[in-house]
Amino acid sequence: MSFVPILAVVIPCLNEEECLNSTTTAIFTVINNLAEENLISDKSFIFYVDDGSTDNTWSIIETQNKENQRVKGIKFSRNYGNQKAILAGLTESVKYNADCVITIDADLQQDENKIKDFIIKYLNGAQIVLGIRNNRKTDGFFKKLSALAFYKFMNILGVNIKVNHSDYRLVSREVINVLNTFKETNLFLRGMFNELGFKKDYVYFDVKPRKCGKSKYTPFALYSLAMSGITSFSLIPLRIVTFVGFIMSFVSFLIGLSAIIDKFTNNNPVPGWTTIVVSIGFISGIQILCLGIIAEYLGQLFQEVKARPRYIIESEVI
Ligand code: UDP
Ligand code: MG
């Protein structure tokens with residue numbers, strides 16, 4: 001008999017009470033169809049990660065679990081952010097014998113009907129299947145622009161993240177076991193899956209508008225995500241800082257030298273108040289920026305050195 005994998009669908013959620021019932025129904029429709037086609041096992045399940053919701057999200061998950069044991073879930077002790085919720089979902093769901101795990105958002109903005117494509121690519125041997133957005137129609141101008149800038153910047157820094165790759169992805173149990181040997185607290189998943197190697201494949205999907213509730217991603221959360229992505233994967237910004245410092249010292253040395261020569265040969269004191277004030281302002285700006293970059297890395301180091309647990313699970317229903 002051919003291999004019929006158990007699939008876990010991991011869904012991170014923060015205050016998604018309005019979405020959960022319709023999401024569970026939609027995912028079960030997909031799972032049940034796939035099980036009928038014998039592509040996945042009928043033991044496949046949904047695994048919710050409640051990322052410290054303050055509404056009824058957790059009690060809805062508990063109720064769903066009482067009705068159907070194929071809805072499982074864990075609840076964080078507080079809000080840890082969507083990346084940690086996804087990571088916890090991967091780590092915890094394989095404990096219940098999942099062979100492969102797909103992560104998808106609770107608002108089902110990612111097309112759940114593509115789950116079949118992920119499974120087919122997995123059955124054909126891919127260990128990691130990445131979901132790539134066809135477009136960003138549903139995103140505002142700011143989000144589109146910042147996402148583009150981020151991916152381009154990461155590519156320049158030598159981190160080859162696939163552009164418009166999302167957190168809609170399938171990962172095999174083998175890959176999750178390897179991922180769990182990485183000890184850092186701040187895991188930037190999109191970079192990590194790139195770093196790991198393994199056979200990869202891609203599924204392209206359209207992003208739908210949010211069908212219920214509100215977006216939980218603030219511009220600040222996106223900024224922190226981008227920063228931790230950069231500082232956990234690239235040392236190039238630090239090298240740029242050193243390089244800029246070196247160039248600036250060299251240029252200042254030349255300017256100083258020419259001023260001294262000017263004074264002695266032409267007896268000409270350095271003219272120009274404006275030049276001095278402008279260059280002081282400019283150079284201070286660069287210095288503060290450089291300190292900021294170094295501080296980002298120091299902050300990253302600070303958190304890693306403390307080696308606190310990645311997340312704390314308060315309750316679970318299995
Ligand atoms: N989410 C989470 N923790 C957070 C923020 C978001 O678990 O701190 C979940 C959220 O419930 C959703 C997914 O992450 O399932 C994506 O969030 P959202 O749809 O708000 O982001 P957007 O699609 O607007 O980028
Ligand atoms: Mg969304």
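Side chains included, hydrogens not; waters and symmetry mates left out as well; all remaining heavy atoms used.
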- Applying side-chain contact (heavy atoms from CB on, under 4.5 Å) between Q110 and each of T103, V207, D105, I115, report the one that passes.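 Testing each of T103, V207, D105, I115 against Q110, the sole residue satisfying side-chain contact (heavy atoms from CB on, under 4.5 Å) is D105.
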inquiry  = I want to know whether Y168 and F118 have ring centres closer than 6.0 Å.
reply    =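 Ring centroids of Y168 and F118 are less than 6.0 Å from each other.
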More than 12 heavy atoms from other groups under 6.0 Å of [atom1] on [X]:
| X | atom1 | value |
| --- | --- | --- |
| K200 | NZ | yes |
| F198 | CZ | yes |
| K208 | NZ | yes |
| F182 | CZ | yes |

Test item: [X] and [Y] side chains (from C-beta on) under 4.5 Å apart, heavy atoms:
| X | Y | answer |
| --- | --- | --- |
| L238 | I293 | yes |
| F47 | V101 | no |
| Y151 | R190 | yes |
| I104 | V9 | yes |
| L108 | K211 | yes |

Taking atom types as modelled, is there a side-chain donor on S77 or E314 under 3.5 Å from an acceptor on the other?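 Their side chains do not contain a donor-acceptor pair, so the 3.5 Å distance test is not met.
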Indicate if [X] and [Y] have the same hydrophobic cluster label, given that clusters are the connected sets of ILVMFWY residues with side-chain heavy-atom separations under 4.5 angstrom.
| X | Y | answer |
| --- | --- | --- |
| I120 | L123 | no |
| I176 | Y96 | yes |
| I286 | I240 | yes |

Quick one: closest heavy-atom pair of [X] and [Y], and the distance?
| X | Y | answer |
| --- | --- | --- |
| P12 | A85 | CB-CB, 3.7 Å |
| A26 | E112 | CB-OE2, 3.9 Å |
| Y202 | K162 | CE2-CD, 3.5 Å |
| C13 | E16 | CB-CG, 3.5 Å |
| S172 | Y122 | CB-CE1, 3.8 Å |
| I61 | G73 | CG2-CA, 4.4 Å |

Between [X] and [Y] (side chain of the first, backbone of the second, donor and acceptor by atom type, cut-off under 3.5 Å), is there such a pair?
| X | Y | value |
| --- | --- | --- |
| N32 | F28 | yes |
| S166 | G131 | yes |
| D55 | E17 | yes |
| Y311 | N79 | no |
| R70 | S44 | yes |
| N56 | S59 | no |
| T91 | L87 | yes |

Any chance you could measure [X], atom [atom1], to [Y], atom [atom2], to the nearest 0.5 Å?
| X | Y | atom1 | atom2 | result |
| --- | --- | --- | --- | --- |
| L39 | L34 | CG | CG | 6.0 Å |
| I236 | F243 | CD1 | CZ | 13.0 Å |
| R239 | T242 | CZ | OG1 | 8.0 Å |

As a quick check of understanding, evaluate salt bridge (charged side-chain N to carboxylate O under 4.0 Å, His left out) for D201 and K199, giving each step before the final call.
CA-CA 7 Å; D201 212 329; K199 187 166 184 300; 5.1 Å; no
Do the rings of Y80 and F76 sit parallel, tilted or perpendicular, given the 30° and 60° boundaries?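 Aromatic pair Y80/F76 classed perpendicular.
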Under the salt bridge (charged side-chain N to carboxylate O under 4.0 Å, His left out) criterion, do E18 and K214 qualify, and how do the steps go? CA-CA 9 Å; E18 291 159 59; K214 285 195 289 290; 6.0 Å; no
Item checked: Residue pairs, two or more places apart or on separate chains, that pass side-chain hydrogen bond (donor to acceptor under 3.5 Å, both in side chains) and touch residues 297-308 ->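 Sorted result for residues 297-308: T185-E304, N186-Q300, N186-Q303, T231-Q300.
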Under the side chain to side chain donor-acceptor pair (under 3.5 Å) test against Y48, which residue among N65, T23, T24, T57 passes?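 Looking at N65, T23, T24, T57, the match for Y48 under the side chain to side chain donor-acceptor pair (under 3.5 Å) is T24.
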Thiol sulfurs of C19 and C212 closer than 2.5 Å: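 Yes; the two sulfurs sit under 2.5 Å apart.
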For a side-chain contact (heavy atoms from CB on, under 4.5 Å) check, start with the C-alpha distance between R169 and D167, then their side-chain angles and the critical distance, and finish with the verdict.
CA-CA 6 Å; R169 66 168 90 72; D167 282 319; 2.8 Å; yes
